[in-house]
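I have placed the structure first, in the form of C-alpha cells, so that the comments after it can refer back to it.
Note that the structure is a prediction, hence the values are computed from the model and not measured.
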Amino acid sequence: MTADEVAKLLGIGRATVYAWASARDCGVSVDAPAHYRFGERRVRWDRKDVMNWLQAQRRVA
C-alpha cells in the first residue's frame, strides 16, 4: 500500500503516515504499522500488516 492508501484507510494525513515511517527508521518506538523501504524514497505497507495493526488498536468499553 502507498502512504496515500494507508492514510485514507486510517482517516489520517499522509504526512502522519510518513512521520511514523521516518520515526521507526530512526529507531524511535512508534505504535504504527510496519513498513518496507525500497531505496531512500519509496515506502510501502503490507495491507495485512496495516489491518492487523488497526485491529490491535480496537478498544472495547
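Residues M1 and L9 are in side-chain contact: their nearest non-hydrogen atoms beyond the backbone lie under 4.5 Å apart. The side-chain heavy atoms of K48 and N52, taken from C-beta on, include a pair separated by under 4.5 Å.
By the criterion of side-chain heavy atoms lying less than 4.5 angstrom apart, applied directly or through intervening Ile, Leu, Val, Met, Phe, Trp or Tyr residues, L54 is not grouped with Y36; the two fall into different hydrophobic clusters. Linking Ile, Leu, Val, Met, Phe, Trp and Tyr residues whenever their side-chain heavy atoms come within less than 4.5 Å places M51 and V6 in a single cluster. Hydrophobic clustering (side-chain heavy atoms under 4.5 Å, transitive across Ile, Leu, Val, Met, Phe, Trp, Tyr) groups V43 together with V28.
With R37 contributing its side chain and E40 its backbone, the two residues share a donor-acceptor pair below 3.5 Å.
D46 and H35 are not linked by any side-chain donor-acceptor pair at a separation below 3.5 angstrom, with hydrogens and angles left out of the test.
Between W20 and W53, the distance separating the two ring centers is shorter than 6.0 angstrom.
Minimum heavy-atom separation, D49 to P33: O-CB, 4.4 Å. When every heavy atom of A3 is checked against every heavy atom of R14, the shortest pair comes out as CB-CG, 3.9 Å.
How far NZ of K8 is from OG1 of T2: 10.5 Å, rounded to the nearest 0.5 Å.
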